[in-house]
S.K.: 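Have a look at this one before I ask anything.
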Amino acid sequence: MKKHVLTTSLVVSLMLSSTSGWAAITSCDDISDKIKTKLAHKEVKDYALEVVSKDTETSLRVVGVCEGGKKKIIYKKIKAKKTEKTDKSENPEEPKKVEKSDKSEK
């Protein structure tokens, strides 16, 4: 009986000591740097990471949680700038001149 109580109390104490409440609080800058490193490794470009309050509702992807769960990091894709195409109305091409030969002699 004593072994059972001792084993149970040992298991409970190990479970409590390994919960996230006891985990070290990591700063948002550290988490953001790790995420940026992973994205750079995957060659992801044109993005922004934003740290917001945990209560902020967003449709964007949450990629991290920091400061003990008080804040979250969201990923936002930035649209790449399009290259400007030459507008034909600004630079109209000169029409090709086609000379017609009169072979209508009868």
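Just so it is clear, the structure is predicted and the values come from calculations on it, not from any experiment.
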S.K.: Is any side-chain heavy atom of Tyr75 closer than 4.5 Å to a side-chain heavy atom of Leu39?
M.R.: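 Yes, their side chains come closer than 4.5 Å.
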S.K.: Side chains of Asp30 and Ser27: does their closest heavy-atom pair fall under 4.5 Å?
M.R.: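 Asp30 reaches Ser27 side chain to side chain.
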S.K.: Take Lys72 and Val52 through the test side-chain contact (heavy atoms from CB on, under 4.5 Å) and record every step on the way to the result.
M.R.: CA-CA 6 Å; Lys72 57 186 175 183; Val52 296; 3.7 Å; yes
S.K.: Let me confirm one number: the OG1-NZ distance from Thr26 to Lys34, rounded to the nearest 0.5 Å.
M.R.: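 One finds 6.0 Å between OG1 of Thr26 and NZ of Lys34.
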S.K.: Mind checking the SG-NZ spacing from Cys28 to Lys70? Nearest 0.5 Å is all I need.
M.R.: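 Here the interatomic distance stands at 10.5 Å.
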S.K.: Let me confirm one number: the CD-CG distance from Glu50 to Leu60, rounded to the nearest 0.5 Å.
M.R.: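 CG of Leu60 is found 8.0 Å from CD of Glu50.
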S.K.: Applying side-chain contact (heavy atoms from CB on, under 4.5 Å) to Leu49 and Val63, what does each step give before you reach the verdict?
M.R.: CA-CA 9 Å; Leu49 297 177; Val63 292; 4.0 Å; yes
S.K.: Please step through side-chain contact (heavy atoms from CB on, under 4.5 Å) for the pair Cys66 and Ile31, ending with a clear verdict.
M.R.: CA-CA 7 Å; Cys66 53; Ile31 300 291; 4.0 Å; yes
S.K.: Check the pair Val65 / Ile73 against side-chain contact (heavy atoms from CB on, under 4.5 Å), numbers first and verdict last.
M.R.: CA-CA 6 Å; Val65 179; Ile73 302 170; over 6 Å; no
S.K.: Would you say Tyr47 ends up clustered with Val62 if hydrophobic residues are merged whenever their side chains have heavy atoms under 4.5 Å apart, either directly or through other cluster members?
M.R.: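 Looking at the clustering, Tyr47 is in a separate group from Val62.
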S.K.: If only atom types and distance count, is the side chain of Ser53 paired as donor or acceptor with the main-chain N or O of Thr56 below 3.5 Å?
M.R.: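 Looks like no, no N/O pair under 3.5 Å.
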S.K.: Please check if the number of heavy atoms outside Lys77 that lie under 6.0 Å from its NZ is greater than 12.
M.R.: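 Atom NZ in Lys77 is packed in, count exceeds 12.
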S.K.: Is the closest side-chain heavy-atom distance between Asp46 and Lys79 below 4.5 Å?
M.R.: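 With C-beta onward as the side chain, the pair stays apart.
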